[in-house]
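These numbers come from the heavy atoms of this one structure, side chains and all, not from hydrogens, waters or symmetry mates.
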Amino acid sequence: MGKRRCVSTTENKPSSGCCGVKKPKLCPSPAGSVQPPVPHNCQPHEDKTVGPGALTPLSRPNGITSGREQLVVTAEMGCYCFDVLYCHLHGFPQPRLPRFTNDPYPLFVTWKAGRDKRLRGCIGTFSAMNLHSGLREYTLTSALKDSRFPPLTREELPKLSCSVSLLTNFEDVGDFLDWEVGIHGIRIEFVNEKGVKRTATYLPEVAKEQDWDHIQTIDSLLRKGGFKAPITNEFRKSIKLTR
């Protein structure tokens, strides 16, 4: 047991697969990322070491910004996710409520492991949830119920990093290219080759991390959403895209 050290770096229907897959050596803007804490009786410790301010201000939940935006996301949100997971895996009572805002936001929690930051879970919701209950719920959902991965274990805790993404300012766009790599997350809606409507999502950091351009990102997202037919530019134009 000891002091927790937090280091900052920089989605009620769940939506998974938002983070893509880390490129094998060929081959979630996350709001904040922290390294694993060592909880003291699963209570937040007052003494935190937080990295330099790579976190960016978010607008309020209704998307309205002011001349002086307040910083919504904090490294403490990631620390809280670690506390929730630690307590669950060790059978302890859940940690006390955190001090950060409880305003409602659409949110995602992402877990990565190891030095190469391999994706180990990413699930969230586009429905705005109060942050205290939302982060607690999706911490465990993303860590234990992402169907792409086995559930996280106690042994993995020291090797994990966590990102919390709060999503704002949803905009439907008419052109599938009308978004910026590294700035916007995107959600696409399309009808597959069997006539079934499907959706798929990437958080803002995915395309940049994978070094993809717009077309590569859209095509990857289509495949992730289960589209198996050849992808033509005409089909890309039929996609409904929200950034």
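A salt bridge between K237 and E234 is present, with a side-chain N of the basic residue lying under 4.0 Å from a carboxylate O of the acidic one. Between R198 and E193 there is no salt bridge, since no side-chain N of the basic residue sits under 4.0 Å from a carboxylate O of the acidic one.
Annotation: the span from L119 atom CG to E209 atom CD amounts to 9.5 Å, rounded to 0.5 Å. Considering CD of E156 and CG of L85, their distance stands at 9.5 Å, rounded to 0.5 Å. Here the NZ-NZ distance, from K197 to K240, works out to 7.5 Å after rounding to the nearest 0.5 Å. For the atom pair NZ (K228) and NZ (K194), the distance works out to 6.5 Å, reported to the nearest 0.5 Å. Taken from CD in E171 to CD1 in I186, the straight-line distance is 13.5 Å, to the nearest 0.5 Å. Separation of atoms CD1 (I188) and OG1 (T242) is listed at 10.5 Å; rounding is to 0.5 Å.
Taking both residues in full, the closest heavy atoms of S142 and D146 are given as O-CB, 3.8 Å, listed atom of the first, atom of the second, then distance. The heavy-atom pair separating F227 from V191 by the smallest distance is CE1-O, 4.4 Å. Nearest heavy-atom pair across L144 and H88 is CD1-NE2, 3.4 Å. Residues E76 and P98 approach most closely at OE2-CB, 4.2 Å, considering heavy atoms. Scanning all heavy atoms of the two residues, the minimum distance from T141 to I123 falls at O-CD1, 3.7 Å. Closest approach of C162 and C81 over heavy atoms only: SG-CB, 3.7 Å.
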TODO: Check the pair T201, T199 against side-chain contact (heavy atoms from CB on, under 4.5 Å), reporting the backbone distance first and the verdict last.
DONE: CA-CA 7 Å; T201 303; T199 62; 5.8 Å; no
Open item on the list: Could you go through I183 and K208, starting from their C-alpha distance and side-chain angles, then the distance that decides it, and tell me whether this counts as side-chain contact (heavy atoms from CB on, under 4.5 Å)?
Closed with: CA-CA 9 Å; I183 300 298; K208 185 175 181 180; over 6 Å; no
- [ ] List the steps and the verdict of side-chain contact (heavy atoms from CB on, under 4.5 Å) for S163 and K112.
- [x] CA-CA 8 Å; S163 294; K112 294 183 180 181; 5.8 Å; no
TODO: With side-chain contact (heavy atoms from CB on, under 4.5 Å) as the test, would you mind laying out the steps for V72 and F100 before giving the verdict?
DONE: CA-CA 8 Å; V72 176; F100 54 76; over 6 Å; no
- [ ] For salt bridge (Lys or Arg N to Asp or Glu O under 4.0 Å), just list the numbers for D219 and R236, CA-CA rounded to whole Å, side-chain angles, deciding distance to a tenth of an Å, and then say yes or no.
- [x] CA-CA 8 Å; D219 289 0; R236 295 186 190 103; 2.8 Å; yes
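Looking only at distances, no side-chain donor or acceptor of N130 sits under 3.5 Å from a matching main-chain atom of S133. Looking at R120, its side chain never comes within 3.5 Å of a backbone N or O of T110 through a donor-acceptor pair. Put simply, the side chain of Q216 gets close to the backbone of D213: a donor and an acceptor are under 3.5 Å apart. Proximity of a side-chain donor or acceptor of D83 to a complementary backbone N or O of P95 within less than 3.5 Å is not detected.
Side-chain polar atoms of Y80 and R136 form a donor-acceptor pair below 3.5 angstrom. Between the side chains of S220 and W212, no donor N or O sits under 3.5 Å from an acceptor N or O.
Using a 4.5 Å heavy-atom threshold, the side chains of K145 and P151 count as separate. The shortest distance between side-chain heavy atoms of V109 and L135 falls below 4.5 Å. Between D103 and Y105 the shortest side-chain heavy-atom distance falls below 4.5 Å. Contact check for Q94 versus C87: side-chain heavy atoms found under the 4.5 Å cut-off. Within the 4.5 Å cutoff, the side chain of L241 has no heavy atoms near those of the D178 side chain.
Stacking of R243 on the aromatic ring of F170 is not recorded, the 6.0 Å distance cut-off and the 45° axial limit not both being met.
Ring to ring, F82 and W111 are close: their centroids are under 6.0 angstrom apart. Ring pair F176/H214: centre-to-centre distance not below 6.0 Å.
In the hydrophobic clustering of ILVMFWY residues, with side-chain heavy atoms under 4.5 Å counting as a link, I239 and I215 come out together. Hydrophobic clustering (side-chain heavy atoms under 4.5 Å, transitive across Ile, Leu, Val, Met, Phe, Trp, Tyr) groups Y202 together with I231. Follow the hydrophobic side-chain contacts under 4.5 Å out from V181 and you reach L177 in the same cluster.
Using the six-membered ring where Trp is involved, F190 and F235 have ring planes that are perpendicular, over 60° apart on the 30 and 60° scheme.
Not a single side-chain hydrogen bond (donor to acceptor under 3.5 Å, both in side chains) links D175 to another residue, sequence neighbours left out.
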